[in-house]
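Counting begins at 1 with the first residue of the sequence.
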Amino acid sequence: LAYWNDYFSWARGNTPVPQIETALAWLGSNLPTPKRSALCWGDARLSNLIFLDGRVSAVLDWEMAFIGDPEADLAWWLFFDWHHSEGCELPRLEGLPGRDASVARWESLTGLRADNLFYYDIFATTRFGCIMIRVAETMEAKGFPLPTADLGSNNACTRRLAELLG
């Protein structure tokens, strides 16, 4: 969490992003005590898997790996499932299990319970929100046109955080 606070301070430049500020404060005030710690992938999402004969044969992009609660990876996976469909106002891919089915399968396969999933939902959304802010700042600095006038503080992540945290 300290890393993402520092990353946010760097990424936003002079751009105020109250949704991320609120989320980071909430995360700090509601930090759960993990029941277990493990190597977490950090970038658990469908596009980071390679399939062979219908089975996962490789897991890519480990640069965000960390030791932490495995629920963080579950929440990151669920966030990207949401972001790349509803978050972008697109239909979900046919055949993919929904959120509840994904959580149930994760619990069944790991033998763990997703007791702190709401916390990690906020954490995942905040992390990607910080990344999107930096992307917007970089694009603007390089003179690339942004798809919206305020991509940094008005994107799917900041809107989702406002929805989740009220």
TODO: Quick one: list whatever passes ring-ring contact (aromatic ring centres under 6.0 Å, His included) with Tyr120, sequence neighbours left out.
DONE: none
Open item on the list: Looking at Arg36, I'd like to know if its CZ atom is crowded, meaning that more than 12 non-hydrogen atoms belonging to other residues, nucleotides or ligands lie closer than 6.0 Å.
Closed with: yes
Task: Minimum side-chain heavy-atom gap Trp82-Thr125 below 4.5 Å - done: no
- [ ] Find the distance between CD (Glu71) and CZ (Arg113) and round it off to the nearest 0.5 Å.
- [x] 9.5 Å
TODO: Under the ring-ring contact (aromatic ring centres under 6.0 Å, His included) rule, collect the residues that match up with Tyr119, sequence neighbours excluded.
DONE: Trp26
Task: More than 12 heavy atoms of other groups within 6.0 Å of Glu89 CD - done: no
- [ ] First locate atom SG of Cys130, then atom CZ of Arg12, and finally report the distance between them rounded to the nearest 0.5 Å.
- [x] 9.5 Å
Open item on the list: A quick test of your reading: do over 12 heavy atoms of other residues, nucleotides or ligands sit less than 6.0 Å from CZ of Phe51?
Closed with: yes
- [ ] Before accepting this row, confirm whether a basic side-chain N of the pair Arg160/Glu163 lies closer than 4.0 Å to the acidic partner's carboxylate O.
- [x] yes
- [ ] Mind running ring-ring contact (aromatic ring centres under 6.0 Å, His included) on Phe128 and Phe80 for me, showing each step along the way?
- [x] CA-CA 9 Å; Phe128 195 63; Phe80 273 95; 4.8 Å; yes
- [ ] Enter the distance from Arg92:CZ to Leu90:CG here, rounded to the nearest 0.5 Å.
- [x] 12.0 Å
Open item on the list: Can you confirm whether Cys40 sits close enough to Asp69 that some side-chain heavy atom of one is under 4.5 Å from a side-chain heavy atom of the other?
Closed with: no
Can you give the donor-acceptor pairs under 3.5 Å from side chains of residues 72-79 to other protein atoms, not counting sequence neighbours?
| residue | atom | partner | partner atom | Å |
| --- | --- | --- | --- | --- |
| Asp73 | OD1 | Trp41 | N | 3.4 |
| Asp73 | OD1 | Gly42 | N | 2.8 |
| Asp73 | OD2 | Trp41 | N | 2.7 |
| Trp76 | NE1 | Asp43 | OD1 | 2.9 |

